[in-house]
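Each chain gets a letter, A, B and so on, in the order the sequences are listed, and its residues count up from 1. If you're wondering where the values come from, they're calculated on a predicted model, not measured in any experiment.
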Amino acid sequence: MLAKNTQHKALHWLGRQLFNRNDPEAFFDPLLERINPMWVQEYTPARVEQVLSETRDTKTLVLKPARRWSGFGAGQHVNICIEVDGIRRNRTFSLSSSPLLWQEEGLVTLTIKRLPGGLVTNWIHDHLQTGAVIGLGEAFGDFQIPEPAQPVLFIAGGSGITPVLSQLETMAAQDYRAPVTLLYFVRTRDDVIAREKLLALEARYSALTLNIIATNESKEPRYLRDRDLDAVPGIKARQVYLCGPKGLMDLAQNLLYQRGFAEEDVHSTFFSVGKADLGNETLGGEVQFEGSQLEVGSQGDASLLEIAEAAGLTPRYGCRMGICHQCSCRKTTGTVINRLTGQASGPGEETVQLCISVPRGPVSLDL
Amino acid sequence: MKKMTETQLAELETDLNTIRDEVLADLGERDARYIRRMVRLHRSLEAGGRIMMPFGFIPPVFVAATATLGIAKILENMEIGHNVMHGQYDWMNDPSLHSQTYEWDTVCTGDSWRRTHNYEHHTYTNIIGKDRDYGYAVLRLTDDEPWKPWHALQFINYILLSVFFQWGVGLHELETEKLRSREISWREKLPFLKEFARKGGRQAFKDYVFFPLVTFPVAPIVLAGNVGANLIRNLWSSTVIFCGHFTQDAETFTEEECEGESKGHWYLRQLTGSSNFTGGRWLHILSGHLSYQVEHHVFPDLPAHRYPEISGKVQAVCRKHGIHYNTGSFAKQYGTVVKRVLRYSLPEKLMGMARAA
Ligand SMILES: Cc1cc2nc3c(=O)[nH]c(=O)nc-3n(C[C@H](O)[C@H](O)[C@H](O)COP(=O)(O)OP(=O)(O)OC[C@H]3O[C@@H](n4cnc5c(N)ncnc54)[C@H](O)[C@@H]3O)c2cc1C
Ligand code: FES
């Protein structure tokens, strides 16, 4: 093992000398991509094996990642990269299949909903076809099922069902021995994602109680209410997992905290950038881009990435929401506020994510 | 330099910005396909050259291998490396083609290049005393620079600079002229020297140690071929670069002229300080489209393969404003470079006398 490791390190060193790059294994990618896109080394390539239609605006991609991909735990997400009109775009999606499918058949699924006006989701729906190869990052996220088994309540809305699907499949397969309830909110009955799968799970996995609620079929919208929670047996003892649109998440959190739930028993996954309340902070300041010998002022909650781009710079970026660290950059001095958490950084030299860092006072960057 | 009022300069700026905006709005798939094709071609040539090289004991194979590797290096340095590092493809968001992290197949480190070339040369183009690319501190190419006796032999320097071009460019940031005049100290240059040694060592190791060693029985042949490939690249790239700014009509500027200049004035300086040469498609590609030096200097971060497409529009803007658009055949432009190197090896006085006689 040690010998193999040393050998690998030596090869990597040699590759760096010969090819002048830190990822020498990717040097021949442009050629390999032509021969077989699954041989690309820079990211993990994944071939689209099938495209399944779930609802009017949701499709499931069945992907076969290259074998070197490290796998995932139920409830985790991945960044995918797709090139649209010459520009590489990174987006985050939850893995909607169970890790067992990956272990046994080398397949994973992503369930993707069209976002009105969204670039990549619409491109996927309109152009991505079986046989295409997309890029896959390593899985991340800690939206995971408690071990050993505890009673669980999932509250999901719309496409927020995706990580829950993965978890339910996994729980059913390992016969997770605790009551599991899913409250699944959809606009109308036609918007239920993975209906067959959910019904099959309910039939085969007796611990599961499934409650699908359509919010927009009646005159008055029918949102989550206290009575839905009352109906969950032994709710007090449950670990709660929330995933869905912001309105639903806020509502659910309020109802749960009113019932005396502790924060550590309520787990949430956000599909969009949850902005921290930066209300009474005075933000903005002079930003100095040392590498480019440029200094620009900013006001309000513009992120360093936005400030840099407005100044004509083109820093590297990926997700633009604090997930992928593509935009990481050395800050030499100054304080920044994390847009997601509202927390202030230290004043000294450190690495920051440009896309979620908002300057508070003067900031210098190695950019 | 042509004198223009601030209003005229503002109009020049608007005209050129219009050309730029049109290209920016149109960037996409086509440009991505182009640069990837160049990268693929480079990888194929590099692999081909390296594989053929050990069979160089057959003379025609030696020539083919050396030329292939030389062309690979030229393509990588000129059309890929130089242009990627200008940020021409940053919009693609491809980490392998990003200006800030790209490292090229030559002695000069990407970081040093980004400082001396992208920043100094492209900002202070042809300003004597500020643009250290103008004559590379070894050539006197204008009477604005006082004559010294050693300039009389500068043609030898010119040859040496061309032959060892990658090392010259690598050491450019050392600013030896300032070290000699004690303006800066060696200590200040230590970090630079370390980086230089690392990259220079890496390049020398690859071409002069590693590849000859792994083909041991034919090591001398591989070594000779690799030296040859580097030489081809050195001669070609230095020649192309010299043709870009040292031709007869390429103007130089003084610091006073450019103090607090507007963007329009900067544009004017780029237009009059650069020179193009004409030729076929592959000549342009192998020069990294620096044959469109004028377009490149006006729009250093537009993908270079677009320069031929916008050249007509740039020429129209030049005509409209009565600005000389400097172009000619490669032979003609190069001839004026050689003449310039020779001419300024002699002091102004002497040249004046020769003319009077
Ligand atoms: C951890 C995590 C897991 C996720 N899992 C899933 C999943 O399993 N399934 C799923 O379907 N989704 C999931 N998402 C959401 C998914 O990542 C987004 O829907 C996706 O990134 C949208 O990409 P897009 O290119 O289509 O939209 P974008 O083009 O990035 O647009 C995003 C939003 O901004 C708006 N917008 C676009 N351009 C502009 C502009 N110039 N000015 C103002 N607004 C603009 C769009 O209308 C849209 O509302 C997840 C997100 C996260 C963070
Ligand atoms: S761009 Fe992904 S973390 Fe900033």
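- At a heavy-atom separation below 4.5 angstrom, chain B is approached by no residue within residues 115-139 of chain A.
- Atoms CD and CD, on Glu120(B) and Gln293(A) in that order, are 8.5 Å from each other to the nearest 0.5 Å.
- Between Phe210(B) and Gln17(A), the closest side-chain pair of non-hydrogen atoms is not below 4.5 Å.
- With respect to chain A, the highest number of heavy-atom pairs below 4.5 Å among Pro95(B), Ser44(B), Gly87(B) belongs to Pro95(B).
- Within 6.0 Å of CD in Glu29(B) there are more than 12 heavy atoms belonging to other residues, nucleotides or ligands.
- Looking at Phe211(B), only its side chain comes within 4.5 Å of chain A, counting heavy atoms on both sides.
- Contact check for Trp91(B) versus Thr314(A): no side-chain heavy atoms found under the 4.5 Å cut-off.
- Around the CZ atom of Arg330(A), the shell of radius 6.0 Å holds more than 12 heavy atoms that belong to other residues, nucleotides or ligands.
- Expressed to the nearest 0.5 Å, how far CZ of Arg316(A) lies from OG1 of Thr101(B) amounts to 5.5 Å.
- Close approach to chain B, defined as a heavy atom under 4.5 Å from one of its heavy atoms, is seen in no residue of residues 285-292 of chain A.
- Interface summary for chain A: among Arg43(B), Arg30(B), His42(B), the most heavy-atom pairs under 4.5 angstrom belong to Arg43(B).
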I'd like a table of donor-acceptor pairs (distance under 3.5 Å, sequence neighbours excluded) in which one partner is a side-chain atom from residues 18-31 of chain A, with atom names and distances.
unit_1	atom_1	unit_2	atom_2	d
Asn20(A)	OD1	Arg202(B)	NH1	3.1
Asn20(A)	ND2	Trp104(B)	O	3.3
Asn20(A)	ND2	Gln203(B)	OE1	3.0
Arg21(A)	NE	Asp23(A)	O	3.4
Arg21(A)	NE	Asp23(A)	OD1	2.9
Arg21(A)	NH2	Asp23(A)	OD1	3.2
Arg21(A)	NH2	Asp23(A)	OD2	3.3
Arg21(A)	NH2	Ser96(B)	OG	2.9
Asp29(A)	OD1	Gln41(A)	N	2.9
Asp29(A)	OD2	Gln41(A)	N	3.3
Asp29(A)	OD2	Glu42(A)	N	2.9

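- Partners of Ala32(B) according to the side chain to side chain contact (heavy atoms under 4.5 Å, CB included) rule, which considers only residues two or more places apart in sequence or in another chain, are Glu83(A), Arg36(B), Met92(B).
- Within the 4.5 angstrom heavy-atom criterion, only side-chain atoms of Leu14(A), from C-beta onward, approach chain B.
- Proximity to chain B (any heavy atom under 4.5 Å) is shown, for Arg16(A), by both the backbone and the side chain.
- Residue Asp31(B): no heavy atom, backbone or side chain, is found under 4.5 Å from chain A.
- Distance CG/Leu27(B) to CD1/Ile87(A): 8.0 Å, rounded to 0.5 Å.
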